[in-house]
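Position 1 is the first residue of the sequence; numbering continues from there.
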Amino acid sequence: MKHLILTFSLLAIVSCKDNKQQDTKTETVEHATETHNEHHEHEASSVYANAWTNDILLNNGSKWQADKTTNEGVQKIQNTINTHTASTLEEFHKLAQQLNDKKNYVVKNCSMEGPSHDNLHVWLHPLIEKINALLKVETVEDASRLEKSIKENVNAYSTYFQ
């Protein structure tokens, strides 16, 4: 009976720890997104810019080491944005949903910590904002501008991470 209680207690602790880590990761992403949004005006033109390049740092002149899951997820985002052919608003919205799904995979599965993780968020938060804008865009012209900005954002990943 003693072993059963001890085993159950250990399972509860591990389960609780895992849930807290997941909750913390979700809260961190949500908080960081809110903080990012607070620091930038919500003008339509700001979502097209890649001003994040002024804030991101290299690791003493070298690229940051990203975890395997993040690199795989970003590769999927790159493949999606670089191979799509959207010309209608409906196609751009479909592209946005595909990008959003792949971005969610990166956010959910990232295990990076420390300065490399902090710099990943400098790169990621503008991308999240752009994908959200593409989901809601109302003209093909704006969608096309967003697509170009997303492509620049996504393809710059390899400048800062390996």
Participant: State, with a plain yes or no, whether a side-chain heavy atom of Asn50 is found less than 4.5 Å away from one of Pro126.
Facilitator: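 They are not in side-chain contact.
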Participant: Filter on ring-ring contact (aromatic ring centres under 6.0 Å, His included), then keep only pairs touching residues 130-160, sequence neighbours left out; what's left?
Facilitator: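 Listed once each, the pairs are Trp52-Tyr160, Trp123-Tyr157, Tyr157-Phe161.
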Participant: Looking at residues at least two apart in the chain, or sitting in another chain, which of them share a side-chain contact (heavy atoms from CB on, under 4.5 Å) with Thr69?
Facilitator: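 Applying side-chain contact (heavy atoms from CB on, under 4.5 Å) to Thr69 gives Asp67, Tyr105, Asn109.
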Participant: Could you state whether Leu127 and Leu57 fall into the same hydrophobic cluster, counting links through intermediate Ile, Leu, Val, Met, Phe, Trp or Tyr residues with side-chain heavy atoms under 4.5 angstrom apart?
Facilitator: no
Participant: Who pairs with Asn54 by side-chain hydrogen bond (donor to acceptor under 3.5 Å, both in side chains), at least two apart in sequence or on another chain?
Facilitator: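 In terms of side-chain hydrogen bond (donor to acceptor under 3.5 Å, both in side chains), with neighbours along the sequence ignored, Asn54 is linked to no residue.
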Participant: Scan for ring-ring contact (aromatic ring centres under 6.0 Å, His included) pairs involving residues 69-90, sequence neighbours excluded, and state none if there are none.
Facilitator: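 Those involving residues 69-90 do not exist here.
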Participant: For Thr80, what residues pass the side-chain contact (heavy atoms from CB on, under 4.5 Å) criterion, not counting sequence neighbours?
Facilitator: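 If we apply the side-chain contact (heavy atoms from CB on, under 4.5 Å) test to Thr80, skipping adjacent residues, the hits are Leu95, Gln98, Leu99, Lys102.
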Participant: Between Ser46 and Glu129, is a side-chain contact (heavy atoms from CB on, under 4.5 Å) present by the stated rule, with each step listed?
Facilitator: CA-CA 10 Å; Ser46 69; Glu129 187 176 318; 4.2 Å; yes
Participant: Could you note down all residue pairs passing ring-ring contact (aromatic ring centres under 6.0 Å, His included) where residues 133-154 supplies at least one of them, sequence neighbours left out?
Facilitator: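 Sorted result for residues 133-154: empty, none.
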Participant: Could you tell me whether a side-chain N or O of Lys130 sits under 3.5 Å from a main-chain N or O of Tyr48, the two making a donor and an acceptor?
Facilitator: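 No, because the side chain of Lys130 does not come within donor-acceptor range (under 3.5 Å) of the backbone of Tyr48.
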Participant: Quick one: does Leu120's side chain get under 4.5 Å of Cys110's, heavy atoms only?
Facilitator: yes
Participant: Can you name the residues that form a side-chain contact (heavy atoms from CB on, under 4.5 Å) with Thr85, not counting sequence neighbours?
Facilitator: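 Partners of Thr85 by the side-chain contact (heavy atoms from CB on, under 4.5 Å) criterion come out as none, since no residue qualifies.
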Participant: For Lys76, enumerate each residue passing the side-chain hydrogen bond (donor to acceptor under 3.5 Å, both in side chains) test, keeping only those at least two apart in sequence or located in another chain.
Facilitator: none
Participant: Less than 4.5 Å apart, side chain to side chain, heavy atoms only: is that true for His117 and Ser111?
Facilitator: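 The answer is no, as the side chains (C-beta and beyond) never meet within the 4.5 Å cut-off.
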Participant: Per the ring-ring contact (aromatic ring centres under 6.0 Å, His included) rule, what does the pair list look like for residues 129-153, sequence neighbours excluded?
Facilitator: none
Participant: Will you find, in the side chains of Lys103 and Asn100, an N or O donor that is under 3.5 Å from an N or O acceptor?
Facilitator: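 Indeed, the side chains of Lys103 and Asn100 share at least one donor-acceptor pair under 3.5 Å.
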Participant: Test of understanding: with side-chain contact (heavy atoms from CB on, under 4.5 Å), list the residues that count as partners of Thr83, not counting sequence neighbours.
Facilitator: none
Participant: Could you tell me if Gln75 and Asn79 have a donor-acceptor pair between their side chains, going purely by distance under 3.5 Å?
Facilitator: yes
Participant: Please check this pair: side chain of Asn153 against backbone of Ser149, looking for a donor-acceptor N/O pair closer than 3.5 Å.
Facilitator: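 Absent.
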Participant: List the atom of Trp64, the atom of Pro115, and the distance in Å for their closest heavy-atom pair.
Facilitator: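 Shortest heavy-atom separation between Trp64 and Pro115 comes out as CH2-CB, 3.4 Å.
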Participant: Are the side chains of His121 and Asp118 in touch, meaning some heavy atoms are under 4.5 Å apart?
Facilitator: no
Participant: Please output the side-chain donor-acceptor pairs of residues 133-141 that fall under 3.5 Å, not counting sequence neighbours, one pair per line with the distance.
Facilitator:
| residue | atom | partner | partner atom | Å |
| --- | --- | --- | --- | --- |
| Thr139 | OG1 | Asp142 | N | 3.0 |
| Thr139 | OG1 | Asp142 | OD2 | 3.3 |

Participant: Just jot down the salt bridge (Lys or Arg N to Asp or Glu O under 4.0 Å) partners of Lys151, sequence neighbours excluded, or say none.
Facilitator: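 In terms of salt bridge (Lys or Arg N to Asp or Glu O under 4.0 Å), with neighbours along the sequence ignored, Lys151 is linked to Glu147.
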Participant: Quick one: pull up CG in Leu146 and CD1 in Ile150 and give me the separation to the nearest 0.5 Å.
Facilitator: 5.5 Å
